[in-house]
2 protein chains.
Amino acid sequence: MIKTLQLIEKSLERSIEELIEFVRIPSISAGANRDEPVEIEKAADFLVNQFTRSNFTADKIRMGASTNPIVIARGPQFSSNKPTVLFYGHYDVQGVDNPREAWLNDPFEGHMLDGQLIARGASDNKGPTFANVKAAELTLKSTNELPYNIVFVIEGEEECGSGALEAFIKGGGLNEYGPFICTVISDTSMYGPNQPSLTIGLRGISYMELTITGPSQDVHSGLFGGIIHNPNTVLIHALANLIDESGRITVPGFYDGIIDISDREKELYVSLSPDEDAYCRELGVSALRRSPDFTLLEQRWTRPTLDINYISGGSPRTVIPADAKGAISARLVPGQDPLRIENLLKDQIRKAIPAGTTLAFSKEHKSPAYFLTESHPLVQPALEAIRKGFNTEPILTREGGSIPIVTDIATYTQAPVLLVGFGQITDNWHGPNEKFSLEDFHRGMRTSAALLHELKQYTTSSPLKNGS
Amino acid sequence: MIKTLQLIEKSLERSIEELIEFVRIPSISAGANRDEPVEIEKAADFLVNQFTRSNFTADKIRMGASTNPIVIARGPQFSSNKPTVLFYGHYDVQGVDNPREAWLNDPFEGHMLDGQLIARGASDNKGPTFANVKAAELTLKSTNELPYNIVFVIEGEEECGSGALEAFIKGGGLNEYGPFICTVISDTSMYGPNQPSLTIGLRGISYMELTITGPSQDVHSGLFGGIIHNPNTVLIHALANLIDESGRITVPGFYDGIIDISDREKELYVSLSPDEDAYCRELGVSALRRSPDFTLLEQRWTRPTLDINYISGGSPRTVIPADAKGAISARLVPGQDPLRIENLLKDQIRKAIPAGTTLAFSKEHKSPAYFLTESHPLVQPALEAIRKGFNTEPILTREGGSIPIVTDIATYTQAPVLLVGFGQITDNWHGPNEKFSLEDFHRGMRTSAALLHELKQYTTSSPLKNGS
């Protein structure tokens, strides 16, 4: 372990140079200029070369002619007699059109400022993924044979739905690497700049789009107003029936079966005492929505939501529009089945549709919440690794977002997923001037190496199940 | 009278040629390619020349550097000792981009098909206005001195808000032509192809746009969902509070003061027995919205409405949007004060705005309903003129739309407005392949000439007041 950490220090400068080389590749898969095939390929090749130089066996897997390749790498001395520690990451990045003008430097220049690497993908997710890659490489270099295999799966479509990887996993692509001890993912954030955390929960999601159709074309609201149902009015009533003005979701059965969080977890989130004024400043609002029944972090991480993400209908003229469209998403928590929730939402919406208009749903997608109980045997080793990597006491947190591939991986590997984030919530993921602190990169490599060290003792037990 | 009608027959071919010349000028004031100054000017000049050739004194009045000219023409032998019959019309037309592809011919070619002139503006409003122009011209040619003045006001901004004309009227521009017997406007429709009508009522309007602002930019619904108010959700609740699912407006006081229609008028609208299936086919819906308390035409013409014309917020992704926008319009009926209604709507919307979001209103405009009682002394002469012009029995109707300039004119002239439409509701105003039947043009000229004949007996009485 000491030897590995020394190697990380010694090669730090070179690791940073390699990371800069990695972020300079504009491997955009979402937004403007997405899927420039040559750049996507270049990023995948960069990883293959990186792995090959470290004696990994690396391949680009293609699930279809128009999908981005998945990079799969297995460490030297891979053996089907050993269990596997799987690492997941993604090499694709968001576009830079949100908005482009706000970038102070070329997003693909690899600009350094005050110890921060400013670049698209620096924090989401090239930097954290590369910290894991370097930690594995240097661990293998400085350690005698490990009692487990190390396998990396790094996809190129995380920002646009992980379609190829989902097909790969569901098609049994991971079978040859199991059984699994765990999967390590560094695609979440730390709780704060000097407060590393193990993320034990992610909210799930149920998303759908809907269209209410009325007259065959926009019609004059003077000539026909009063005798024809207006799709905009039908839509707002259908959506208003889902949630009340206080934010409580009014769909019958929506809250059924939710697993309460422990008193201990409640207390933890109270003790973190987030600064509400800082939230308000960051969001640019004068007040937050406060639920009388839950504290702020409990609400944000452990309670389900319903958001109306999109509404569109008509034009600012005196028309009755031909149709109105909406998109809604519910964030789900442990105990909520996404298919059941989708059906409850649809049933409630259907009740508001009068004769003379029609309703169609589209683009539904859904994923359950992920949760790892605090008592899971891998939680303490993960915390110990973070403690060593950051030289500070880590905490347990959840996140409010959803990473559908996490639950897919947990299901198909039948092993827990350890969400160990190295970046900050303020790193501007998807926004302009995305950044990643070199200190976080350094501490990330240390944490990942420490985790590989801690996991040595878990290799003889049978595959560990996901805790929730 | 006979002489005038003979002259109309004799010069019919020439009148049609002139009308075709008129519709060939693309004097668009709304939509794409609007306000081509040269074309607007050409249409105004066409009218000035037309009037001058008939010995009218005609001018183009300019209210500002960027406004379209108003054509004002007064007949020969104009005298301030005589009262005036005012004619109003508009020479501007809608664009042809709604949609352009659907036009089977060039919208400004003046194509003839089966007795219909297919052209933008043919029915809205060049054809009906030109019928009045020709009727006045030929009446003057065939009649000894009339006991009243004939004055035409033909504006070029009806399709974009009548701003210049409103300023002209409110600034006293009509003062020199009063007192007025009445204003004749042919900018409404007949009840049906062989059912001419006098329109005794128009609904008023209260229109406004609103914006709900939340976070300073779109934010991630996973990271912040549950602790921040979503502008889309606030908007739909604010709008859902205005109207219930059955279409009843739930704003306290909205229905106060409405003047009930007479039993006779109710019976008339029942007796017209509109074909509901035809409505459904025309609108492309499977069913109409039916109020249990009102018959179809009563609902469409004499009851107030609230329509949500526009909603827009967010995008079909899992965001909480920075803002959400809407536009609403209420159609008003006699007894409803537009300013009072605007304030009621705003007050009700304000109630739904929680701390953490803000509300702004914009682009409010409003106008009261117009109504002429059946017992008004000019109603019978108007019906008699239509009877003579169309050789069939006319009926009294209302329309559901709003023509704000009508109430301005009625107020400033202190005289009734006679709404005598020559076109059909199926003439595709504002849509592709707008058309005007030459038979309607012919019958329109006859009706207008007959009306000038009927009005001769009303010149000695004092100015007649608007009935409502």
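Sequence lines set the chain letters: A, B, ... in the order given, protein chains first and strands last, and positions in each chain run from 1.
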A:I308 CD1 to B:N230 CG distance, which is reported to the nearest 0.5 Å: 6.5 Å
Most chain B-contacting option - heavy-atom pairs closer than 4.5 Å, from A:A352, A:P354, A:G225, A:S402: A:G225
B:A327 versus chain A, the contacting section by heavy-atom distance below 4.5 Å: side chain
Side chain / backbone / both / neither for B:L202 at chain A, heavy atoms under 4.5 Å: neither
Side chain / backbone / both / neither for B:Y279 at chain A, heavy atoms under 4.5 Å: side chain
Inter-residue atom distance B:R289.CZ - A:T357.OG1, 0.5 Å rounding: 12.5 Å
side-chain contact (heavy atoms from CB on, under 4.5 Å) partner of A:E245, the single match among B:N241, B:T233, B:I353: B:N241
Heavy-atom closest pair, residues B:A355 and A:S286: C-OG, 4.5 Å
A:N309 (side chain) donor-acceptor with B:V319 (main chain) under 3.5 angstrom: yes
Flag, side chain of A:H237 to backbone of B:I243, donor-acceptor distance under 3.5 Å: yes
Greatest number of heavy atom pairs closer than 4.5 Å to chain B - which of A:V285, A:L288, A:N232: A:N232
Contacting moiety of B:V219, where chain A heavy atoms sit under 4.5 Å: side chain
Exercise: identify the closest heavy-atom pair between A:I227 and B:Q299: CG2-CG, 3.7 Å
Chain B contact via A:S329 - side chain, backbone, both or neither, heavy atoms under 4.5 Å: side chain
Distance (rounded to the nearest 0.5 Å) between A:L283 CG and B:H229 NE2: 12.5 Å
Region of B:L235 that comes under 4.5 Å of a non-hydrogen atom in chain A: side chain
Over 12 foreign heavy atoms within 6.0 Å of CD, A:E364: yes
Under 4.5 Å from a heavy atom of chain A, the part of B:P316 involved: both
Chain B contact via A:I328 - side chain, backbone, both or neither, heavy atoms under 4.5 Å: neither
Residue among A:P215, A:G313, A:A240 with most heavy-atom pairs under 4.5 Å to chain B: A:G313
Atom of B:R331, atom of A:S221 and distance for their closest heavy-atom approach: NH2-OG, 2.8 Å
Under 3.5 Å: donor-acceptor pair, side chain of A:R300, backbone of B:F224: no
Engaged part of B:T305 at the chain A interface, taking heavy atoms whose separation is under 4.5 Å: side chain
Residue, of B:G431, B:S216, B:G226, that accumulates the most heavy atom pairs under 4.5 Å with chain A: B:G226
Interface moiety of A:D218 toward chain B, non-hydrogen atoms closer than 4.5 Å: neither
Residue among A:T318, A:T358, A:V234 with most heavy-atom pairs under 4.5 Å to chain B: A:T318
Residue, of B:W301, B:F294, B:W429, B:Y310, that accumulates the most heavy atom pairs under 4.5 Å with chain A: B:Y310
Heavy-atom proximity to chain B below 4.5 Å, by part of A:E209: side chain
Residue among A:S246, A:S315, A:G247 with most heavy-atom pairs under 4.5 Å to chain B: A:S315
Residue, of A:R303, A:R317, A:R290, A:E399, that accumulates the most heavy atom pairs under 4.5 Å with chain B: A:R317
